[in-house]
Novice: 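Attaching a single structure in structure tokens format; questions to follow.
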Amino acid sequence: MATTNAQLAALFARMADVMQIIGVDGFRVNAYRKVSRVLEDLSEDIAKIGPDMKRLTEIDGIGKGSAERIIEFLKTGRMKDHDDLVSQIPPGLPALLDISGLGPKTAALLWKEGGIESVEQLKEKLKDDSLAALPGLGEKKLESLRKSLTFTQSTGGRVRIGQAMPVARWFVEKLRTIPGHKVKEVAFAGSLRRGRETIGDIDLLVAAPEADGGAISDYFVKLEPVGQVIVKGPTKTSVRTKSASGDEAEGMQVDVRIVPLECYGAALMYFTGSKEHNVSLRQRAIDRGLKLSEWGLFKGEQRIAGRTEEEVYRALGLDFIPPELREDRDEIAQAERHTLPDLLNIEDIHAELHAHTTASDGRWSIRELAEAAVARGFHTLAVTDHSKSQPIANGLTVERLEQHIKDVHEVAASMKGKIRILAGSEVDILADGTLDYPNSVLRELDLVVASPHAALSQDPEKATKRLLRAINNPSVTIIGHATGRLINRREGLHPEMKALFAAAAERGIAFEINANSYRLDLRDAHARAALEAGVKLAINTDAHGPPDLNELIYGVMTARRAGATKHNVINCLSRDALTKWIASTRA
DNA sequence: GCCGTTTTCGGCCCGACTGTTTTCAGTCG
Ligand SMILES: Nc1nc2c(ncn2[C@H]2C[C@H](O)[C@@H](COP(=O)(O)OP(=O)(O)OP(=O)(O)O)O2)c(=O)[nH]1
Ligand SMILES: [Mg+2]
Ligand SMILES: [Mg+2]
Ligand SMILES: [Zn+2]
């Protein structure tokens with residue numbers, strides 16, 4: 001079940017597509033796209049906001065017109081302007097826009113001049129060169145469309161950041177060590193650097209002498225994982241990776257930009273984005289009689305900044321803006337007023353408060369887990385295996401839990417001085433909001449992380465009640481992966497987050513950002529709303545085995561996207577402060 | 001269509017690569 005926000009976002013996006021094909025003014029199209037984007041990013045359920053013109057138009061990018069359309073949809077379940085627009089073109093036509101290199105102009109041409117109304121019909125017509133007769137279409141263009149079509153089916157959407165990051169790191173390493181060329185810097189940029197939960201493509205930036213650009217592109221497209229070359233030039237090359245069978249990250253696009261070191265900062269800003277952040281910065285430059293591009297910040301012909309990002313931001317009268325905040329929300333105004341939050345760093349994390357062992361479905365012993373936490377430099381580890389209603393996860397019965405607590409204490413005693421180990425539990429929040437152990441048992445635990453695992457397609461009202469009940473359980477200290485979503489796999493619950501955060505703030509308990517890249521739950525927008533409500537965050541890896549602690553970075557990036565400082569995150573507390581804080585949650 | 005510490009009307013980012021273009025349009029980042 002898609003949320004109202006998602007449905008509305010899809011309607012506005014579709015209207016934008018149709019308008020582009022029929023040739024509506026691009027700025028209007030952009031306005032529709034922006035509405036679609038803000039609806040998608042909104043942390044609050046638009047249905048909950050309701051048909052409230054004032055509140056809707058307070059949302060940046062939504063004006064009177066869009067608000068009216070949203071209200072119409074909320075009231076009637078339909079949107080006339082959308083239906084009218086869509087009826088103007090064949091239903092199969094917008095799908096042509098998913099073909100790489102085929103935009104609105106070509107779609108309109110193929111339809112009006114070529115009689116093509118769907119991807120299927122396009123494929124059929126591409127079997128010979130008859131379309132080359134159309135104005136602006138030649139044989140090379142047809143050939144490139146044929147090539148695009150071969151991967152348009154196989155590559156759908158966005159991949160988890162945890163899938164994209166290792167691929168990006170591999171390419172970065174390869175480019176850093178090109179034999180015989182003077183590569184000065186290599187970095188990943190784009191949504192990956194901004195820490196988004198899903199990644200559309202991998203964007204890589206290389207700093208090297210201008211003369212080396214061509215050779216670096218040559219080298220790049222010959223790398224083993226590179227399949228199709230989409231475009232290739234001396235400063236910009238795009239490829240698609242081979243479809244390694246069974247690999248989820250198959251067929252990813254990788255974009256490389258190559259610029260001289262003098263432009264590296266400006267290019268990194270450009271390539272990190274977001275697009276909307278870039279546009280705002282460029283507009284700001286114009287307002288100051290300057291010009292900003294990936295080649296630098298210019299006053300007339302003269303480059304006045306470009307070597308580093310700091311330099312460019314400073315020349316624009318701004319503090320450095322961390323990549324995770326570059327989404328054109330309010331970060332530019334904050335950078336101007338010097339009020340950007342001092343975001344936490346991964347080094348600020350000193351505790352893991354949600355991890356599993358072989359006692360339930362983990363793949364390592366208590367001791368192995370503890371040693372890994374020590375290696376991370378943590379002062380505290382909470383062992384939190386599953387509770388009894390999770391038989392698939394080998395959840396612990398009360399009897400097994402009693403023994404497990406003893407086992408944890410034993411390891412804890414033997415590792416005293418190296419790390420403090422808490423005997424906790426990840427207690428299932430049952431469908432009705434009760435917890436999977438009685439309170440008498442919960443009280444014996446050092447830490448209770450309560451999280452939902454089943455009944456994840458409950459309707460929003462039920463989900464809200466369920467989680468509220470868990471929040472108000474006096475034994476609970478952290479609500480873990482609150483929605484239970486799995487990225488690209490399962491939507492999870494859609495509770496009214498605002499109500500949950502208000503209750504959690506009242507109780508003084510924390511909401512987890514589960515750092516596992518399948519979960520990232522709370523997601524960035526929810527974590528931001530939690531902070532606004534005054535709720536503390538926990539960042540936990542939910543580690544089940546050795547590699548899992550490495551996903552911590554994704555949780556940290558998500559928290560940074562929410563604007564979190566180390567004072568907002570309980571894993572950043574000192575050992576003693578954490579002890580006190582946990583005690584304060586258990587009245 | 002949206003928006004306003006110079007504006008309620010008139011702007012709305014800027015550049016690389018490709019193909020069919022004899023001077024630039026389309027698409028994409
Ligand atoms: N100035 C400007 N920069 C753009 C534009 N489109 C993209 N960029 C910049 C900002 C983007 O973050 C960066 C990389 O483009 P991508 O299409 O890969 O977007 P991004 O990585 O942000 O998201 P993704 O996860 O790949 O969909 O290039 C644009 O129209 N104008
Ligand atoms: Mg990208
Ligand atoms: Mg890209
Ligand atoms: Zn867990």
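Lettering of chains follows the sequences in order, A, B, ..., and the numbering in each one begins at 1. Since we're looking at a predicted model, the values are computed, not measured.
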Novice: On DNA chain B, check which nucleotide each of A:L142 and A:L292 is closest to and give me the residue with the more 5' one.
Specialist: A:L292
Novice: Expressed as a whole number of Å, how far does the C1' atom of B:dG15 sit from that of B:dG10?
Specialist: 25 Å
Novice: Starting at atom CG of A:L192, determine the distance to atom P of B:dG29, rounded to an integer number of angstrom.
Specialist: 16 Å
Novice: Okay, side chain of A:S517, backbone of A:I161: is any donor-acceptor separation there less than 3.5 Å?
Specialist: no
Novice: Could you tell me the separation between the CG atom of A:L316 and the C1' atom of B:dC13, rounded to a whole number of Å?
Specialist: 13 Å
Novice: Within the 4.0 Å heavy-atom criterion, would you say A:K275 contacts the bases, only the backbone, or no part of the nucleic acid?
Specialist: base
Novice: Below 4.0 angstrom from OP1 or OP2 of B:dG15, is there any side-chain N or O of A:K291?
Specialist: yes
Novice: Would you please confirm or rule out a distance under 4.0 Å between OP1 or OP2 of B:dC13 and any side-chain N or O of A:S280?
Specialist: no
Novice: Expressed in angstrom and rounded to an integer, what is the separation of A:R33 atom CZ from B:dT27 atom P?
Specialist: 12 Å
Novice: For the side chain of A:P234, starting at C-beta, report the closest nucleotide among B:dG15, B:dC2, B:dC17.
Specialist: B:dC17
Novice: With no hydrogens and no angle check, do the side chains of A:T565 and A:N568 hold a donor and an acceptor under 3.5 Å apart?
Specialist: yes
Novice: Give one of base, sugar-phosphate or nothing for A:E139, where a contact means two heavy atoms less than 4.0 Å apart.
Specialist: sugar-phosphate
Novice: Check every strand shown and say whether A:D287 touches a base, only sugar-phosphate, or nothing at a heavy-atom separation below 4.0 Å.
Specialist: nothing
Novice: Which one, B:dG26, B:dG1, B:dC14, comes nearest to the side chain of A:Y32?
Specialist: B:dG1
Novice: Can you tell me how far C1' in B:dT7 sits from the matching atom in B:dC2, rounded to whole Å?
Specialist: 14 Å
Novice: In whole Å, what separates the P atom of B:dC9 from that of B:dC14?
Specialist: 25 Å
Novice: If we take the C1' atom in both B:dT20 and B:dT27, what is their distance in whole Å?
Specialist: 15 Å
Novice: Could you state the NZ-C1' distance from A:K141 to B:dA25, rounded to the nearest angstrom?
Specialist: 10 Å
Novice: Tell me: CG of A:D60 to P of B:dC3, nearest whole Å?
Specialist: 6 Å
Novice: Using the P atom in both, what is the distance from B:dG4 to B:dC13, to the nearest Å?
Specialist: 15 Å
Novice: With side chain to side chain contact (heavy atoms under 4.5 Å, CB included) as the criterion, how do A:L292 and A:L290 come out once you've worked through the C-alpha distance, each side chain's angles and the decisive distance to 0.1 Å?
Specialist: CA-CA 7 Å; A:L292 177 62; A:L290 306 171; over 6 Å; no
Novice: According to a strict under-4.0 Å criterion, is A:S66 in side-chain N/O contact with OP1 or OP2 of B:dC2?
Specialist: yes
Novice: If I take atom NZ in residue A:K140 and atom C1' in nucleotide B:dC17, what distance separates them, rounded to the nearest angstrom?
Specialist: 13 Å
Novice: Taking atom C1' in both B:dT8 and B:dC12, what distance in whole Å separates the two?
Specialist: 16 Å
Novice: A:L281 near the nucleic acid: base, sugar-phosphate alone, or nothing, with a heavy-atom cut-off under 4.0 Å?
Specialist: nothing
Novice: Considering every strand and a 4.0 Å limit on heavy-atom distances, what is the contact class for A:S144: base, sugar-phosphate, or nothing?
Specialist: nothing
Novice: Out of B:dC14, B:dT18, B:dC2, which nucleotide sits closest to the side chain of A:V231?
Specialist: B:dT18
Novice: Report yes if a side-chain nitrogen or oxygen of A:S100 is closer than 4.0 Å to either non-bridging phosphate oxygen (OP1 or OP2) of B:dT27; otherwise report no.
Specialist: no
Novice: If you pin A:A67 and A:K236 to their nearest nucleotides in DNA chain B, which one's is more 5'?
Specialist: A:A67
Novice: Rounded to whole angstrom units, what separation is found between the CG atom of A:L137 and the C1' atom of B:dT21?
Specialist: 13 Å
Novice: If you check every side-chain atom of A:D201, which of B:dC12, B:dG29, B:dC3 has the closest atom?
Specialist: B:dG29
Novice: Any side-chain N or O of A:Q253 under 4.0 Å from OP1/OP2 of B:dG29?
Specialist: yes
Novice: The side chain of A:R69 is closest to which nucleotide in this list: B:dC12, B:dG1, B:dG15?
Specialist: B:dG1
Novice: For A:E58, look at atom CD and say whether over 12 heavy atoms of other residues, nucleotides or ligands are found less than 6.0 Å away.
Specialist: yes
Novice: Could you state the atom-to-atom distance from CG of A:L145 to P of B:dT18 in whole Å?
Specialist: 15 Å
Novice: My understanding is that a pair needs two contacts under 3.5 Å, Watson-Crick or G-U wobble. By that rule, which nucleotide pairs with B:dT8?
Specialist: none
Novice: Work out how far the P atom of B:dG11 is from that of B:dA16, and round it to whole angstrom.
Specialist: 26 Å
Novice: Quick one: does NZ or CZ of A:R160 land under 6.0 Å from the six-membered ring centre of A:Y518, within 45 degrees of the ring axis?
Specialist: yes
Novice: If you only use heavy atoms from C-beta on, which nucleotide in B:dC12, B:dG15, B:dG26 is closest to the side chain of A:F27?
Specialist: B:dC12
Novice: Nearest to the side chain of A:R28, heavy atoms from C-beta on, is which of B:dG19, B:dC12, B:dG1?
Specialist: B:dG1
Novice: In a check of salt bridge (Lys or Arg N to Asp or Glu O under 4.0 Å) between A:R561 and each of A:E197, A:E324, A:E327, which one passes?
Specialist: A:E327
Novice: Answer yes or no: does atom CG of A:D342 have more than 12 heavy-atom neighbours from other residues, nucleotides or ligands under 6.0 Å?
Specialist: no
Novice: Can a donor-acceptor pair under 3.5 Å be found between the side-chain atoms of A:Y270 and the base atoms of B:dG15?
Specialist: no
Novice: Given B:dC2, B:dC14, B:dG15, identify the nucleotide with an atom nearest to the side chain of A:A31.
Specialist: B:dC2
Novice: When all nucleic acid strands are considered with a 4.0 Å heavy-atom cut-off, which category describes A:N278: base, sugar-phosphate, or nothing?
Specialist: nothing
Novice: Think A:R282 forms a cation-pi with A:F298, using NZ or CZ under 6.0 Å from the six-ring centre and within 45 degrees of its axis?
Specialist: no
Novice: The side chain of A:I286 lies closest to which of these nucleotides: B:dG29, B:dC12, B:dC14?
Specialist: B:dC14
